[in-house]
Every structure is written in structure tokens, then in C-alpha cells.
Q: 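Let me begin by handing over the structure; questions about it come next.
Note that these values count all heavy atoms, side chains included, but never hydrogens, waters or copies made by symmetry.
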Amino acid sequence: MNDLAEARWFKSSRSQGGEACVETVHLRGGNVGVRDSKLGTTSPVLVFDGLAWDQFNDAVKSGRFDCL
């Protein structure tokens, strides 16, 4: 399990101070943690392995999740 107590969370530079943001952190073993920025330290954390995170980012960049 990854220890999140000392994690250095960051928001995307594209968040532009909005309320609906997520924060991410790079963890040991190539994993990535994701949490709701509004909840901060009380937010549940989703942990993805590196491959799943890369696939998700590729899908976002390709527009797969764009709304009509």
C-alpha cells in the first residue's frame, strides 16, 4: 500500500482555479493517486497503476470523453 501522509498533491495547470478539480500524486511503483480537491485530505483516494493511468490520459487527450 502507498503511504499518502507525505504525498505532494498537485492540480492540473488547466484547472484555472475551478471548483470541480481533481488532484493527483505520483506514488512509488509507478502508481498514481487521484482525489477530489474540494475534500482535500478527507477525500477518498483512487490509486491507478501506471498503465491504467496512461491509458486514461490517452483517452482524454483523444477526446473520447468529450461531451456533445
Q: Please list, chain by chain and in numerical order, all residues satisfying ring pair (Phe, Tyr, Trp, His ring centres under 6.0 Å) with Phe10, sequence neighbours excluded.
A: His26
Q: With a 3.5 Å distance limit and no angle check, can you tell me whether Ser37 reaches the backbone of Cys21 through a side-chain donor-acceptor pair?
A: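 Flag set: sc Ser37 to bb Cys21 pair under 3.5 Å.
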Q: For Val25 and Ala7, which heavy atoms make the closest approach, and how far apart are they?
A: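 For Val25 versus Ala7, the nearest heavy atoms are CG2-CB, 3.6 Å.
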Q: Under 4.0 Å between a side-chain nitrogen and a carboxylate oxygen: does that hold for Glu23 and Lys11?
A: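 A salt bridge is absent here (no side-chain N lies under 4.0 Å from a carboxylate O).
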Q: Can you list the other members of the hydrophobic cluster that holds Leu51, where links are side-chain heavy atoms under 4.5 angstrom apart?
A: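 Grouped by the 4.5 Å side-chain rule, Leu51 forms a cluster of one, so the answer is none.
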Q: Who are the side-chain contact (heavy atoms from CB on, under 4.5 Å) partners of Arg64, not counting sequence neighbours?
A: Ala59, Ser62
Q: Who else is in Val22's hydrophobic cluster (ILVMFWY, side-chain heavy atoms under 4.5 Å, direct or via others)?
A: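 Its cluster partners, ordered by chain and number, are Val32, Val34, Leu46, Phe48, Trp53, Phe56, Val60, Phe65.
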Q: Measure the spacing between CG of Leu27 and CG of Asp49 and express it to the nearest 0.5 Å.
A: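 It comes to 11.5 Å.
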Q: Looking at Ser43 and Asp36, what are the two nearest heavy atoms and their distance?
A: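 Scanning both residues completely, I find the closest heavy atoms to be OG-N, 3.0 Å.
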